[in-house]
Amino acid sequence: MEVGDCLENLRLPGDLEVSRRVGGYLESRRLFGESELPEESEATWRVDSANHTARIIRKGANHMFDVIIKGGQVIDGTGAPRVQKDIGIKGDSISAIGDLSGAEAATTIDAAGQVVSPGFIDMHNHFDQTILLYPHGQSAIAQGITTAVTGQCGFSPAPLNAHYTTCFWEYNWWDRVQPRKYDMEVVADLTKVKQAAKEFAGLDISWSSFGEWVEAVRRARPGLNIIPLVGHSTVRTAVMGEDYRRHATPDEIAAMKRYVEQAMDEGAAGISNGMDYAPNSYCSVQESYEVIGAAAKKNGIFSSHWRRTGLRRGFGNPGLIDGIKEAIDIAKVTGARLEIAHLSPGYLISPSPTAKLSALAAEETLAVLDNALADGVDLAFDVIPNHQTGGVLHVRHVAAYLDPWLREAGSPDALAKRLEAPDYRKEIWDYLMSGKWYMLNPIINRSWAKSIVIGDTTVKEFEGRSIADLAKGSGEDPLYTLMDVLRRDPNARLAPPKEGSDEVKRIFYGHKLAMVGIDTFIADTTMEVTVPPYYLPNPNTYGGMARFIRLYANGLLGLEEGIHRLTGLPASRLDLQDRGVLAVGKKADIVVFKPDEVTEKGTVEEPREYPSGFSWVFVNGVAAMADGKLTLSGSGEVLTRR
């Protein structure tokens, strides 16, 4: 409770915490036995040991708390066992925890039978890319995310110079600024991008510096807290423009460092890289040392999308476990605190892994991290909850596997017409068999035809069968079988992936330093790509945290430890001293939910469904979800580096 509030006959058991403002600082204390708090000019605090009551008197006061959350099972984020307590919120902070049965509040929430926890911290996402399109943060709030670490995989909205780097949310209009048939050109002229973004997305790219982007987000009143990183690819584009397919010169590296230093001074919490993506994939090791080192010198965290596949064009340049070791080496040399992004096994098993081999690969991957920890590297990692999907976008149409030709034709029906021509089919076959198209590369992925399974289709003989199975039955080359499927039903959908073993996820989440990142954009339930190949947001966009709670917090770790991985642990890694745990004086980022009812609701056909089981979400003391309904509170902040 703060000085200036009013409390009449509040019962004070021995573990009640209260707080007050003294000289501008929040002071917390526990009240035991007979004591008297010093009188202030506006209020008097009294504690009576006989009946354990406290009284604060102030003329004109109405309610002691803005909100009381009563009777919930409090899981405080530390990993400690849950305890039934009440929580009092005043302003943007928690002002009391304990038995508040005698207190009054403007709003009282009955949380009996529910869990009350700190707001979830998403360690890896791309919310910064679309936060100005969806400032209320609907898809995050709906699954309990109150704080998000953005600017990942080397991509951030700023700084900008003369060029812009796409992060793939721009599909609806990117061909208007950088048309390509095959591999997307990721860097474009900034003037053209500004025009297209304004015309087709309603986005005014009015900023240049990192600080100007931060202010743009603040003006938009975000619905959740944003912790922004600066992206190495974005900085590389600012210096090198479209001439990025080479090593940078010493002068160019020096210019990149200046951009990073400025971004850090303007609020970036650290830096990310994306070694599978251009322009970052073309950098030298020395460039990585110096550019990432510039952030590390200012105590910035280093989040690494490590070199797993290599540049996703043609055959790529797989790094796998060597990519993880490369990230560890950068952290060693620069002294950076390392976050290994969206960890997956660092070993490739061919032709297809068994559950035991996959588990062994996961264990060997963790052994590399544990060895680095033993060597003194300060690291942790995050894992995407859905073991079937990662990334920001979701493929529904079988035709998406022939993306260059689908976009060229303009629609699935137009593609089907073209596939009637034998020479056109042969041209596609030749290109795919050359290994130049990464998404469907029979040279490096020999089991591709087994993984494409037909779902909803007008041709019933296709339904539920893989391309490999159909090809075997017809005696035809699988690529031609794929084209035949699309010729006969151009709008055929992919089947839901079978629920296979998630042992890899269970092994990773079993590590004490594993956290959660959903690796998606922020969105509402209308977001879509309206041009071929008609992507939708990835299912994790809406239900990633619900899946983690359902499968790994409830089932694997125990709910207290699972919540710790979403709250106290990431707060500690990020040095968030005022969030991540439920305690007096901490910011009131709070989630109220029914753990046994939490589940994701999206489907392969329609992933844009908010999860069930969440009742209330508070961001800085304001209800962003109230009784299961989003309020569009706009109460988030950009949490800039201290």
Side-chain angles (χ1 to χ4, degrees), residues 122 124-137 140 147-170 173-174 177 186-198 201-239 241 255-274 277 279-280 291 294-295 298 300-301 303 392 520-523 574 634 636-642:
D122 181 353
H124 183 100
N125 58 76
H126 299 278
F127 293 176
D128 55 337
Q129 296 292 326
T130 54
I131 189 66
L132 293 175
L133 299 175
Y134 306 96
H136 299 301
T147 300
V149 185
T150 68
Q152 301 283 359
C153 301
F155 301 109
S156 58
L160 299 175
N161 186 5
H163 294 83
Y164 177 97
T165 311
T166 177
C167 191
F168 315 120
W169 69 268
E170 306 91 344
W173 48 268
W174 191 254
V177 298
V186 298
V187 174
D189 177 79
L190 180 58
T191 300
K192 291 182 179 179
V193 169
K194 285 184 175 182
Q195 293 171 347
K198 185 71 172 177
L203 176 64
D204 184 12
I205 301 177
S206 59
W207 62 87
S208 295
S209 71
F210 199 88
E212 289 168 347
W213 174 80
V214 167
E215 289 306 313
V217 175
R218 284 176 170 155
R219 288 194 299 271
R221 296 184 60 218
L224 72 160
N225 304 310
I226 298 295
I227 299 177
L229 308 180
V230 63
H232 190 165
S233 271
T234 301
V235 168
R236 206 167 200 269
T237 295
V239 173
M256 291 182 214
K257 290 169 65 178
R258 288 193 293 272
Y259 271 120
V260 170
E261 290 163 352
Q262 180 180 354
M264 295 295 295
D265 290 342
E266 293 174 347
I271 190 168
S272 72
N273 71 356
Y277 301 116
N280 206 163
V291 174
K298 291 180 177 285
I301 196 168
S303 176
V392 292
T520 65
F521 301 130
I522 203 85
L574 296 165
E637 300 177 0
V638 182
L639 305 180
T640 52
R641 184 177 68 95
R642 289 176 175 82

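For the single chain, residues carry numbers from 1 onward in sequence order. What you see is a predicted model; the values in this text were computed from it and never measured. Excluded from the calculations below are hydrogen atoms, water molecules and symmetry mates; all remaining heavy atoms, backbone and side chain alike, are included.
Across Ala201 and Leu133, no two heavy atoms sit closer than the pair O-CD2, 3.5 Å. Residues Asn225 and Leu639 share a closest heavy-atom pair of CB-CD1, 3.8 Å. In plain terms, the two heavy atoms of Glu266 and Val214 that are nearest each other are O-CG2, 4.1 Å. The shortest non-hydrogen separation linking Val187 to Gly241 is CG1-O, 3.8 Å.
With hydrogens and angles disregarded, a donor-acceptor distance shorter than 3.5 Å links the side chain of Thr234 to the backbone of Ser156.
Contact of the Trp169 side chain with the Val392 side chain is not registered, since no non-hydrogen atoms from C-beta on lie closer than 4.5 Å. Here the side chains of Val186 and Tyr277 are not in contact, with every heavy-atom distance at 4.5 Å or above. Counting heavy atoms from C-beta outward, Lys194 and Leu160 have side chains that stay 4.5 Å or more apart. A heavy-atom distance below 4.5 Å is found between the side chains of Leu224 and Ile226. Asp189 is not listed as a side-chain neighbour of Tyr164, based on a closest heavy-atom distance of 4.5 Å or more.
Using the six-membered ring where Trp is involved, His126 and Phe521 have ring planes that are perpendicular, over 60° apart on the 30 and 60° scheme. Using bins of under 30°, 30° to 60° and over 60° for the plane-to-plane angle, the ring pair Phe155/Phe168 lands in the perpendicular bin.
No more than 12 heavy atoms of other residues, nucleotides or ligands lie within 6.0 Å of CZ in Arg221, so this atom counts as exposed by the packing criterion.
A salt bridge is defined here as a Lys NZ or Arg NE, NH1 or NH2 lying under 4.0 Å from an Asp or Glu carboxylate O, and Arg258 with Glu261 fails to meet this definition.
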Item to check | Derivation and outcome, side-chain contact (heavy atoms from CB on, under 4.5 Å), residues Leu229 and Val149 | outcome: CA-CA 7 Å; Leu229 308 180; Val149 185; 4.1 Å; yes
Next on the checklist: Walk me through whether Thr165 and Ser233 qualify under side-chain hydrogen bond (donor to acceptor under 3.5 Å, both in side chains).
Outcome noted: CA-CA 8 Å; Thr165 311; Ser233 271; over 6 Å; no
